Amino acid sequence: MKRNLLFLLALLVFGLSVGLAQNPVKIRIGFNPTQNSDQLRPAAQAIADYLERRFQGAIEVEIFIPTEYRGLIEAMRGGNLDFAFFPPDGYVIANQDVGAQVLLKSVRGTSPYYWSAIVVRKDSGIKSLQGLDGKSIAWVDKNSAAGYVFPRAAVVGAGLDPDKLFAKQTFAGRHDACVLAVLNKSVDACATFANDTRNKSGAWTQFLKPEEAAQLTAIFYSRPIPGDTFSVSKQFITKYPTLSRGIAAALQGIKTPENRLLFNLYRIDYMIPAQDSDYDVVRQARKVAGQ
């Protein structure tokens with residue numbers, strides 16, 4: 001499989017280098033704003049630089065980091081984005097609204113899934129969803145699978161009304177801000193991503209110092225969520241089908257520990273091919289959550 005990908009990429013690079021070296025194709029890639037853009041931008045630019053090197057000057061890559069999750073969808077709707085690292089919920093909306101097509105999904109460790117976790121301070125006394133009655137919660141964004149859609153669907157599925165359960169609901173906008181709000185006692189709980197269900201790896205361990213992360217704990221995990229995506233606009237893949245597959249092949253060639261570009265970006269170990277039906281579970285969760 002890897003040999004086939006490398007062969008495809010080699011043929012594509014050769015063809016593009018011969019035909020387009022004097023007039024490179026401009027590629028616009030959007031990156032999901034999971035954290036502060038000052039921290040995300042260098043990792044995103046490194047991906048752009050990697051692709052330009054792999055295609056030997058046949059493409060020019062421009063990065064785009066919106067201020068909110070919905071920004072990626074709107075940029076693609078306006079014809080200003082060719083590819084995007086959509087979160088699962090964002091992909092489902094982009095597919096429905098603007099015809100985006102998923103190419104790859106992320107793998108962390110060996111799993112193409114991750115989870116939503118509701119996180120509290122260990123000294124809060126909160127042990128369960130029912131224990132959140134009358135408490136405050138920070139969601140990430142209404143278009144965040146782990147930060148809103150799946151945990152809200154789980155609350156509804158448990159027979160609870162989120163709008164009555166919580167005394168206050170706010171939106172932090174990013175996963176790092178979400179866990180920081182719990183640490184600082186601005187809210188009692190937050191919904192964020194987790195890479196396992198053993199309270200070992202998640203937004204709180206990724207964005208906080210170890211001694212800070214040790215003060216938080218997950219009291220709930222959602223059902224598995226398919227990995228965040230690398231997707232292409234309908235217009236671009238229609239115009240450049242071979243180039244679209246070649247860019248996906250180049251990203252598939254990035255794998256830890258040999259290459260940490262994707263890991264530095266979103267803690268992704270590698271990416272694998274995906275299909276639209278992989279995200280039907282997200283569509284189901286959106287319905288339950290009232291999206």
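This structure is a prediction, so every number in the text was calculated from the model and none was measured.
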Candidates Y91, F31, F83 - the one meeting ring pair (Phe, Tyr, Trp, His ring centres under 6.0 Å) with F230: F83
Which Ile, Leu, Val, Met, Phe, Trp or Tyr residues join Y113 in one cluster when any pair of side-chain heavy atoms under 4.5 Å counts as a link? none
Hphob cluster co-occupancy, F85 + V140, side-chain heavy atoms under 4.5 angstrom: no
Tell me, which pairs form a salt bridge (charged side-chain N to carboxylate O under 4.0 Å, His left out) where one or both residues lie in residues 221-243, sequence neighbours left out? R108-D228
Minimal heavy-atom distance between A189 and V120, with the atoms involved, is CB-CG1, 3.7 Å
Side chain proximity check, R286 to Q96, heavy atoms < 4.5 angstrom: no
One pair to check against side chain to side chain donor-acceptor pair (under 3.5 Å): D280 and Q284. What are the steps and the verdict? CA-CA 6 Å; D280 285 346; Q284 295 165 8; 6.0 Å; no
Can you measure from CD1 (I126) to CZ (R121) and round to the nearest 0.5 angstrom? 11.0 Å
Run the side chain to side chain donor-acceptor pair (under 3.5 Å) check on Y50 and R54 step by step: do they pass? CA-CA 6 Å; Y50 164 83; R54 291 301 302 267; 2.7 Å; yes
Using every non-hydrogen atom in the two residues, find where A203 and V179 come nearest and quote the distance to one decimal. CB-CG1, 4.0 Å
For R77, the salt bridge (charged side-chain N to carboxylate O under 4.0 Å, His left out) test, sequence neighbours excluded, returns E74, D97
For D176, give me all partners under salt bridge (charged side-chain N to carboxylate O under 4.0 Å, His left out), at least two apart in sequence or on another chain. R174
Flag yes if more than 12 heavy atoms outside K287 fall under 6.0 Å of its NZ atom; otherwise flag no. no
For V282 and F150, run side-chain contact (heavy atoms from CB on, under 4.5 Å): C-alpha distance rounded to whole Å, both residues' side-chain angles, the deciding distance at 0.1 Å, then the answer. CA-CA 8 Å; V282 181; F150 275 72; 4.1 Å; yes
Working to the nearest 0.5 Å, report the span between CG of L183 and CZ of F207. 14.0 Å
Using a 3.5 Å distance criterion without hydrogens, assess whether the side chain of S136 forms a donor-acceptor pair with backbone atoms of D188. yes
Please name the residue in the list P151, C178, C190 that meets the side-chain contact (heavy atoms from CB on, under 4.5 Å) test with W139. P151
Hey, what else clusters with V107 if you join Ile, Leu, Val, Met, Phe, Trp, Tyr whenever side-chain heavy atoms sit under 4.5 Å? Y270, I272
Beyond-backbone contact of T67 with P33, side-chain heavy atoms, under 4.5 angstrom: no
Would R41 and I65 satisfy side-chain contact (heavy atoms from CB on, under 4.5 Å), going step by step from the backbone distance to the final call? CA-CA 8 Å; R41 188 170 298 278; I65 304 173; 4.0 Å; yes
Cluster check L72, V149: I/L/V/M/F/W/Y, side chain < 4.5 angstrom: yes
K122 side chain to A214 backbone, donor-acceptor under 3.5 Å: yes
Begin from the C-alpha positions of L132 and L160 and carry the test side-chain contact (heavy atoms from CB on, under 4.5 Å) through to its verdict. CA-CA 11 Å; L132 292 168; L160 303 169; over 6 Å; no
Separation between OG of S106 and CG of L251, rounded to the nearest 0.5 Å: 12.0 Å
Is any side-chain heavy atom of V25 closer than 4.5 Å to one of F55? no
Do the side chains of L265 and Y114 join up, straight or via other hydrophobic residues, at under 4.5 Å, putting them in one cluster? no
Between the side chains of S233 and D82, does any donor sit under 3.5 Å from an acceptor? no
Pairs meeting criterion side chain to side chain donor-acceptor pair (under 3.5 Å) with involvement of residues 191-201, two or more places apart: H175-T192, N195-S201, N199-T217
Nearest heavy atoms of S244 and F236, plus distance in Å: OG-CD2, 3.3 Å
Indicate the atoms forming the closest heavy-atom contact of A117 with A194, along with that distance. CB-CB, 4.0 Å
Between I73 and R70, is there a side-chain heavy-atom distance shorter than 4.5 Å? yes
Assigning hydrophobic clusters by single linkage (Ile, Leu, Val, Met, Phe, Trp, Tyr; side-chain heavy-atom cutoff under 4.5 Å), is F64 placed with I29? no
Rounded to the nearest 0.5 Å, what separation is found between the CG atom of D163 and the CZ atom of F166? 9.5 Å
May I ask you to test the L208-L180 pair for a side-chain heavy-atom distance under 4.5 Å? yes
So which atom in P88 and which in A145 form the shortest heavy-atom distance, rounded to 0.1 Å? CB-CB, 4.1 Å
Counting N and O atoms only, with roles assigned by atom type, does the side chain of D278 sit under 3.5 Å from a partner on the main chain of Q275, one being a donor and the other an acceptor? yes
Rounded distance (nearest 0.5 Å) linking atom OG1 of T205 with atom CD of E212: 12.5 Å
Can you name the nearest heavy-atom pair linking Q252 to P273, along with the distance? NE2-CD, 3.5 Å
Side chains of Y148 and N143: closer than 4.5 Å at any heavy-atom pair? no
Is it true that a side-chain atom of N259 and a backbone atom of L261 form a donor plus acceptor pair closer than 3.5 Å? yes
Close side-chain approach of I137 to Q169, heavy-atom, < 4.5 Å: yes
Given 3.5 Å as the limit, does a donor-acceptor pair link the side chain of N32 with the main chain of F86, or not? no
Set out, in order, the CA-CA distance, both residues' side-chain angles and the distance that settles side-chain contact (heavy atoms from CB on, under 4.5 Å) for L165 and V155, then state yes or no. CA-CA 9 Å; L165 178 67; V155 171; 4.0 Å; yes
For the atom pair CD (Q215) and NZ (K185), what is the distance rounded to the nearest 0.5 Å? 8.5 Å
For the residue pair V102 and K105, establish whether any side-chain heavy-atom pair is separated by less than 4.5 Å. no
E68 side chain to G173 backbone, donor-acceptor under 3.5 Å: no
State yes or no: do V232 and Y240 share one hydrophobic cluster built from I, L, V, M, F, W and Y residues joined by side-chain heavy-atom distances below 4.5 Å, directly or via other members? yes
